[in-house]
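Comments concern the structure below.
In listed order, ligands and their atoms are each counted from 1. The figures here come from the full heavy-atom set of this structure, side chains too, leaving out hydrogens, waters and symmetry mates. What you see is a predicted model; the values in this text were computed from it and never measured.
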Amino acid sequence: MTATAQDVTFTIQRSETPKSAEERAEILANPGFGNHFTDHTAVVDYTVDADGNGSWHDARVEPYGPISLDPAAGVLHYGQEIFEGLKAYRHADGSIWTFRPDANARRLNKSAERLALPQLPEEVFVEAIKRLVAEDQDWVPSGDGEALYLRPFMIATEAFLGVRPAREVSFRVIASPAGNYFGGELKPVSIWISRQYARAGRGGTGAAKCGGNYAASLIAQMEAESHGCKQVLFLDPFNDNAVEELGGMNVFFVLKDGSLVTPALSGTILEGVTRSSIITVAREMGREVVERKITLDEWRDGVASGEIAEVFACGTAAVITPIGLLKDETESIGSEDAKAGEVTMAIRERLLGIQTGKVEDTHGWLTRLA
Ligand SMILES: *Cc1c(COP(=O)(O)O)cnc(C)c1O
């Protein structure tokens, strides 16, 4: 599905009832994650005409509020939906920047291809974010570890119960102030090994960022929480229990010799922008990074022998989180009281430094939003 005749001129309809400065300040004092939303949303609609030609149109920023959807809209029945996640950071001089939005735009289009949704021109993706953040700049927090989380998503809006790709689609961006995930302290998390449930299979949607993958992971996440764990580790039981990823984060191992290993992209793993940035940054820091298959057996044996020195998870929301303990009903690997590793912390600091303007951006990864 290709889109033609792009009209990417955004019209702006300002909210007549934005939150007051006091309300906003109260929210920004303790934003948490995903609890509060800014005053506006960006929208671009897509329609396929009678000749089968699709086009994006009616690009706009409008007041944040409920979406009016026909009850037969495809997204509500067949889950034709994809999303992205990135952040806007306020630098010390007050300017606002985002990190590698082009990579998120490309990934959205990869996901769109898999979910039979239309391709969105990368410039429209970036423009939507720029326009939204321009309106809602006062919502970008300035505290340590804080950012404005941006959530672009694409949904099938056409009212039609037949099973085929929707001919009416909407791309939207909402924004939510996000606090410091760890309240300053970086504590290693405990991870539950999911034995009964998978998040992805060969030929499935594991490499796409779609809501359905998350819906399918919730039961495993609940199981993890009932065992005192924060996150789930998914394995590939048909491939020697190869380590795949957590519900929404990729995984890295730091070996005794200082090199890094991360599971190779197998088609069932989501390629994180954080993952790929860490590979680049770690190599610049003089470390070898290998993308290969790594099994649960190797994790267990490696921690026991000392061959594996550190393990961490990574993703936009929490950046880098050390993994302390890995467990299921029968075994425990690592320790709950483990300290965040030195290499983990050094990479985290470098990456966060680039994102927040404290370390020079030699890759052109930052895009100024306001
Ligand atoms: C979004 C996501 C990640 C992390 O991707 P980033 O681009 O680094 O935020 C990892 N795994 C899954 C399943 C995801 O949905």
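Between Tyr214 and ligand 1, an N or O atom pair is found at a separation short of 3.5 Å. Distances between N or O atoms of Glu245 and those of ligand 1 include at least one value under 3.5 Å. In terms of polar-atom proximity, defined here as any N/O pair under 3.5 Å, Arg107 does make such a contact with ligand 1. Between Val273 and ligand 1, at least one N/O pair is under 3.5 Å apart.
Checked by atom type and distance alone, the side chain of Thr344 never pairs as donor or acceptor with a backbone atom of Ala340 at under 3.5 Å. No side-chain donor-acceptor contact under 3.5 Å links Ser259 to the backbone of Leu255.
Using 4.0 Å as the threshold, Gly206 has no heavy atom nearer than that to any atom of ligand 1. Residue contacts with ligand 1: Arg199 is included, with a non-hydrogen atom under 4.0 Å away.
Taking the centre of each ring, Tyr46 and Trp56 come in below the 6.0 Å mark. With ring centers used as reference points, Phe33 lies under 6.0 Å from Tyr149.
Residue-ligand proximity, Gly272 to ligand 1, at heavy-atom distances under 4.0 Å covers atoms 5 (O), 6 (P), 7 (O), 8 (O). Within ligand 1, the atoms closer than 4.0 Å to a non-hydrogen atom of Gly247 are 13 (C), numbered from 1 in the order shown.
Scanning the protein heavy atoms around atom 9 (O) of ligand 1, the nearest turns out to be Thr316 OG1, 2.7 Å. The protein non-hydrogen atom at the shortest distance from atom 3 (C) of ligand 1 is Gly248 O, 3.3 Å. Lys209 NZ, 1.4 Å is the protein heavy atom nearest to atom 1 (C) of ligand 1.
Atom CD1 of residue Ile96 and atom NZ of residue Lys87 lie 15.0 Å apart, to the nearest 0.5 angstrom.
The only option from Glu244, Arg199, Glu245 that meets the side chain to side chain donor-acceptor pair (under 3.5 Å) definition with Thr268 turns out to be Glu244.
A salt bridge links Asp45 to Arg60: one of the charged nitrogens lies within less than 4.0 Å of a carboxylate oxygen.
Of the candidates Thr274, Asn213, Asn104, Thr274 brings a heavy atom nearest to atom 8 (O) of ligand 1.
No cation-pi contact links Arg195 to Tyr197, judged by a cut-off of 6.0 Å to the six-membered ring centre and 45° from its axis.
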